[in-house]
Structure formats: structure tokens, C-alpha cells
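For the single chain, residues carry numbers from 1 onward in sequence order. These figures come from a predicted structure and were not determined experimentally. What's counted below: heavy atoms across the whole structure, side chains too, no hydrogens, waters or symmetry copies.
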Amino acid sequence: MNSLHHKLFFRYAALIFPLIAVFMIVLYIILGNTLRENASSELQADCDNISTLLGTELEKIDTLSQNVVSSSQVRSLFLEDLYSYNSDSYTNRHDFSSALFDIIKLSFSNLSLNIVDTDGRHVYVGSISSFQRRDSSEIYELPWFQDTLELYGKKVILPPRVPELNPQDGAVISLCRAFSPESTAKETAVLEMQVQYSYLTQKIEDAIHDQTGEKQVYIYNSDGERIYPYEITASENLEDFMQNALSESGSSDYPRSYSPESGAPMLIAWQTSDSADWTIFVTASEKALFSSFYEYRSLLIMIAFIVLLLLLFITYQIASHIAAPLQKLEETARSITIDNLTDPLPEYKSGFKEMDSLFYSFEQMQTNLKNSLQENINAHAMANDAKMIALQSQMNPHFLYNTLASISILAEDGENEKVINTCTDLSSLLRYCSSNKSMTVDIRQEVDNLIAYIHLIKIKYEERIQFHIQIHDDLMSLQVPKLILQPLVENCVKYALTCDPPWIITIDGFLNSGKWTLRVRDNGAGFSHEYLSSFYEKIKKMNPENPLPDLSINGMGLLNLYIRLYLKYKTDLIFDLRNLDEGGAQVMIGGPLQECEGENSNGHEKNPSTHR
């Protein structure tokens with residue numbers, strides 16, 4: 001018990017235990033109160049969200065109604081003959097609809113309206129439009145018509161109901177406003193703006209934060225009529241509570257608690273919307289609302305116990321590994337050189353446990369140094385990888401513009417199948433060019449990408465250009481740098497089309513003397529002497545240590561390809577540009593076979609794969 005190990009352990013334990021106890025008690029008080037306050041504030045926030053949402057929707061409808069009744073064109077056309085079945089009436093209906101839609105614009109998705117007057121005129125605009133004459137007594141029988149006229153243009157918001165004039169639309173909430181189509185002092189017509197009840201229901205459900213599904217929303221107007229929900233009533237006890245709250249007016253600053261006749265205590269918050277004079281109530285059971293607090297309390301007790309045990313265990317381990325012979329550690333340190341850095345340290349056995357931790361730290365230092373050296377090596381490899389990615393990521397924008405233009409022309413001509421195929425090929429090409437999952441692919445993938453490119457080229461040139469692909473089967477699985485075939489063919493398309501068609505481009509490949517070779521030929525005008533001289537001069541002046549040139553967006557050319565092959569194969573690459581005696585040009589590239597690329601390197605030509 002007098003050892004350094006035991007003394008350290010008991011002293012650390014005596015210090016840790018009260019600290020953990022005090023920390024957990026403080027954490028319980030602070031976070032517990034915060035969770036309860038957040039849960040309670042959530043109800044009030046729901047009220048505010050719904051109040052703001054409904055206020056915004058009703059203000060928008062109110063503004064639209066004012067714009068409609070204040071439109072002189074709408075008022076005058078409403079008095080014209082909209083209700084006959086002649087050409088003049090059709091023209092008037094068209095002008096009326098145009099004037100109305102200029103005001104409402106895109107707001108008809110969940111909105112409809114009725115305009116009626118004392119003479120029986122009735123216009124309905126919603127999912128359909130109708131213009132008809134009704135009996136005046138039928139208009140006066142509408143429960144809201146006379147009351148709205150007597151308010152002299154003030155808005156009236158009606159509770160949810162199935163509308164009398166267009167019951168096929170289902171339940172709605174209406175905003176009514178009287179106006180005078182004849183520009184007289186007396187209002188003789190009423191505009192009824194209807195909002196689909198289901199639309200407002202969805203808005204309310206989206207506005208409430210209810211992950212447990214325990215919250216309930218009730219909305220009442222100033223007369224105590226229930227606005228929401230339309231067909232579900234609250235319990236009698238809750239109904240009395242909300243009616244009393246309505247009589248007090250105003251909003252709750254903090255959720256209040258009430259106890260229903262049966263069940264757990266509930267919390268309720270409410271907020272009055274000024275724009276609609278509606279009061280929004282949100283209720284939830286205390287058990288559901290404070291569930292996170294109860295879970296937190298149980299979890300905190302369990303964590304405190306586990307943390308205490310863990311800290312005691314860690315304390316014991318620390319005390320056990322503090323001491324170790326310093327002399328042995330010094331000898332081990334002196335024996336380490338750069339040559340044996342990666343070798344494991346000799347087996348260490350000490351009679352003093354207190355220094356084991358120090359020895360472990362030294363061992364970690366050796367591991368970190370070894371890792372640092374390895375990271376430095378990896379950094380050089382990653383630098384080369386970054387150069388390869390930068391070079392293969394370039395794409396000619398003019399080819400993309402031309403392809404998009406071709407798609408547009410095909411679409412205008414109704415060539416739907418060609419549009420689909422072209423989009424598929426372009427998508428495949430872009431996906432292949434932009435993918436950085438691997439900088440090496442097998443030649444079969446290169447051929448598939450080339451075929452997609454050929455399809456896009458033939459959209460413009462059709463049968464005037466011909467491609468012949470002849471690559472041996474034993475090359476198809478070989479790993480090569482990505483995007484080496486397409487740039488060669490793209491170079492032919494760019495420079496070989498200066499002569500008269502047909503233009504013939506041949507792509508072939510073979511194995512010879514332990515190297516793979518790909519060759520692209522065309523029947524064009526060939527390379528100019530100046531181009532060949534300039535190309536080889538650039539290669540000659542290139543820095544072998546950093547061959548990456550200044551890049552441009554239109555840089556996917558032969559020099560780019562040479563650099564990528566050089567980064568991969570160094571001086572073992574094959575890269576030859578020449579003009580053919582029979583006319584045209586030839587580009588030949590290649591490199592040595594890697595160990596994983598296969599064993600067929602004897603150059604025998606067998607079973608070439610041919611693609612058209």
C-alpha cells in the first residue's frame with residue numbers, strides 16, 4: 001500500500017469522485033431546466049408559427065380581394081352581358097377572365113371566387129369558370145350576403161363550411177367584401193374569396209413541430225366559433241377552458257397547465273392573430289412534452305455511474321504505468337537509428353510499473369516518426385496523382401456546346417428517340433470524364449467511352465465520317481491511364497476533316513515486346529511540318545521533374561496526353577506522331593505492361609475485337 005502506484009490511485013480517486021458528483025448535479029440542474037423550458041417554449045412557438053402563417057395567408061387574400069373590387073375594368077365588365085351565348089358575350093367573358101387573371105395571377109391553385117350582386121348576376125372562377133343569372137331572392141338567401149353589404153366594403157371572414165354556390169369544391173374558408181360595380185355610393189355586389197380548407201389544414205400541420213404526434217391544434221374566431229378542426233370537437237373540459245381563454249382575450253405568455261377529467265395533465269398555449277382575429281390553441285400532455293427530460297434524467301444517472309467507473313479504471317491504469325527504469329529507456333533511445341526506425345522495440349520488462357507509461361510514450365514517438373516519414377513519401381505520390389487528375393479533368397467546351405445544339409435541333413424536329421440516345425451518350429461521356437474514383441481503367445472502358453463519343457460525333461457528320469475499331473481481345477483487360485483514346489480521335493476529328501469526305505478514322509491496338517500499343521490513323525491532310533516541330537520542341541523543353549504545363553479549359557490535346565503518359569510510364573512510354581505515305585496522319589501511344597495487366601506480351605495478333 002506504500003508503493004507509488006497505490007498512493008497515486010487512491011489520491012486521484014479521492015479527487016475525482018466529488019468532482020464527478022458535483023459536475024453531474026450541476027449538469028442535471030442546468031440542462032434539466034433548459035429541456036423543460038425548451039419543451040414548454042415549443043408550444044408557444046407553434047402558436048406563433050401558425051398565427052404568422054394564417055395571418056400571412058389571409059392578408060394575401062385580403063389584398064387580392066381589394067385589388068379585384070378596386071379594378072374599374074372588372075367592375076365595368078361585370079355589368080356587361082357575360083351570360084348569353086353569342087359572340088359579344090363570349091368576348092366579354094374572355095376580357096373579364098383576362099382582367100381577373102391579371103390581378104390574381106398564379107394564386108388560383110388553392111383559391112376560387114364568387115361575385116354576386118342584387119340583380120342576380122353570378123360569376124364563379126375556380127377549377128372551372130361559370131357566368132350565369134340567378135333569381136335575386138336566391139342571392140339574398142345567402143346567409144352572408146346581406147351582412148356583408150351592410151359593412152360597406154369591410155372584410156368578413158366566414159368560418160369553414162361547404163360553399164352554397166359551389167358545393168362541389170368541398171369545405172372552404174371565405175373572405176367576403178362588398179363593392180359597387182356602378183361606382184355609386186351604395187354597394188350592390190359582394191366578392192367572396194374562397195380558400196380550400198384542406199390547403200390551410202396542410203399549412204397548419206406543416207407549421208407545427210410534432211415528432212411524437214401528441215400535439216393538438218384548435219382555432220376559434222372572436223365569436224367563439226371553431227375554425228379548426230372542422231369536424232372534430234374537443235373534450236368538454238378542454239372546450240370550457242378555451243372558451244374562458246377567449247373571453248379573457250389576448251395571448252398566453254407561457255403555456256398553462258390544466259387537468260382533464262381523465263388522463264394525464266396537459267399543457268396549453270394560445271396566440272391571437274391580429275389580421276384574422278383568430279385565436280390559436282396548441283395542447284400536449286406533460287408526459288409526452290417532457291419525455292426528453294425524463295429520458296435525460298435516467299440517462300444522466302447511468303452515464304454518471306459509467307463515467308465514474310471508467311475514470312477509476314483509467315486512474316488505476318495511469319498509476320500502474322507511470323514508473324519504469326529510465327536507464328533502460330535511455331539505452332533503447334540511443335540504439336534507434338534511421339536504418340532500424342521501422343523495427344519493433346526490444347521486449348521491455350520492468351519491475352517498476354510507474355515508468356511503463358513513459359516507455360509507452362517513447363514507443364509512440366517512434367511510431368509517429370515512422371508515420372511522418374511514410375506520410376512524406378505518400379505526399380509525393382499524391383502530388384503526382386493530383387497532376388493526373390488535373391490533366392484528365394479538362395474537357396473541350398466547344399464539343400459540349402455543339403452536342404447541346406444538336407440535341408436542340410433533334411428535339412425541334414421531333415426526333416425523340418435520337419434525343420434520348422444522344423442524352424444517354426452525353427451523360428455517359430460526362431460521367432466518365434468527371435469521375436475521379438480511379439486514374440487507371442481497363443481498355444474496354446476506354447473503348448466504351450469512345451463509342452459514346454463516336455455516336456455524338458456522327459449526329460453531325462452522319463455517314464460522311466466512318467470509324468473502324470480493331471483492338472485485340474488480350475488488350476481489353478489491360479490497365480491504362482484514363483482518357484487516352486478519346487483525345488486521339490478528337491484530334492483526328494478536329495484536323496482531319498479539312499479535306500473532302502468520306503473521312504475514315506481507324507483505331508487499332510496490339511501487344512509487342514512486353515508493351516501495349518494503341519494507334520489512331522486518318523485519311524486527312526496530315527500534320528503540318530510546323531506543328532510537328534513545335535510539338536517535339538515543347539517535349540524537349542519540358543521539365544522532367546514537373547512536366548505539368550499551364551492548363552486551360554480547352555486543353556485536352558496531344559501534349560496533355562503525352563504528359564499524362566509520361567507521369568505514368570516515364571521514359572518507357574511510346575508516343576509517336578507522323579504523316580503516312582499514302583496520306584493522312586498517325587498517332588501511336590503505348591507503355592509497358594504492369595504485373596496485373598496480363599501475361600500476353602508476345603505480340604501475336606489473335607482475335608481482334610472489332611467495333612463499328
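- A donor-acceptor pair shorter than 3.5 Å can be found between the side chains of Tyr218 and Gln216.
- Within the 4.5 Å cutoff, no side-chain heavy atoms of His122 are placed close to those of Arg133.
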Q: Take Ile139 and Thr118 through the side chain to side chain contact (heavy atoms under 4.5 Å, CB included) test and state the conclusion after the steps.
A: CA-CA 7 Å; Ile139 300 299; Thr118 55; over 6 Å; no
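- The neighbour count for Gln168 CD, taken as heavy atoms of other residues, nucleotides or ligands under 6.0 Å away, is above 12.
- No donor-acceptor contact under 3.5 angstrom links the side chains of His455 and Asn421, judged on distance only.
- Minimum heavy-atom separation, Lys215 to Ala284: CG-CB, 3.9 Å.
- Using modelled atom types, no side-chain atom of Asp119 and backbone atom of Arg121 make a donor-acceptor pair closer than 3.5 Å.
- Using modelled atom types, no side-chain atom of Ser428 and backbone atom of Thr424 make a donor-acceptor pair closer than 3.5 Å.
- For Glu187 and Ser180, the side-chain atoms include no donor-acceptor pair closer than 3.5 Å.
- Between Phe96 and Phe78, the angle of the ring planes lies from 30° to 60°, which puts this pair in the tilted group.
- In this structure, Arg464 contributes its side chain and Tyr461 its backbone to a donor-acceptor pair below 3.5 Å.
- Put simply, the side chain of Asp413 never gets that close to the backbone of Glu415: no donor and acceptor are under 3.5 Å apart.
- Remark: the Asp206 side chain and the Gln202 side chain contain an N/O donor-acceptor pair separated by less than 3.5 Å.
- Under the 3.5 Å distance criterion, with hydrogens and angles disregarded, no donor-acceptor pair is assigned to the side chains of Arg93 and Ser97.
- Across all non-hydrogen atoms, the minimal contact from Cys499 to Gly524 is SG-CA, 3.8 Å.
- Taking all atoms of both residues into account, the shortest heavy-atom contact from Pro163 to Gly170 is CD-O, 3.0 Å.
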Donor-acceptor contacts, no H, no angles, side chain residues 144-162, under 3.5 Å, sequence neighbours left out:
unit_1, atom_1, unit_2, atom_2, d
Trp144, NE1, Glu164, OE1, 3.1
Gln146, NE2, Glu150, OE2, 3.4
Thr148, OG1, Trp144, O, 2.6
Lys155, NZ, Ser275, O, 2.9
Arg161, NE, Glu164, OE1, 3.4
Arg161, NE, Glu164, OE2, 3.1
Arg161, NH1, Ser174, OG, 2.9
Arg161, NH2, Glu164, OE1, 3.2
Arg161, NH2, Glu192, OE2, 2.5

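- A donor-acceptor pair shorter than 3.5 Å can be found between the side chains of Ser84 and Asp81.
- Side-chain contact between Tyr197 and Val195 is absent, with no heavy-atom pair separated by less than 4.5 Å.
- Among all heavy-atom pairs drawn from Leu53 and Ala207, the shortest one is CD1-CB, 4.1 Å.
- For Leu77 against Asn92, the heavy-atom pair with the smallest separation is CD2-O, 4.5 Å.
- Aromatic rings from Tyr220 and Trp278 are positioned such that their centres are separated by 6.0 Å or more.
- Between the side chains of Glu490 and Tyr495, no donor-acceptor pair of N or O atoms lies under 3.5 Å.
- In this model, no donor atom of one side chain and acceptor atom of the other lie less than 3.5 Å apart for Arg75 and Ser71.
- Side-chain contact check for Gln486 versus Leu483: some heavy-atom pair is nearer than 4.5 Å.
- Judged by the 6.0 Å distance and 45° axis criteria, Lys458 is not positioned over the aromatic ring of Tyr453.
- One side chain, Asn166 or Gln194, offers a donor N or O that lies under 3.5 Å from an acceptor on the other.
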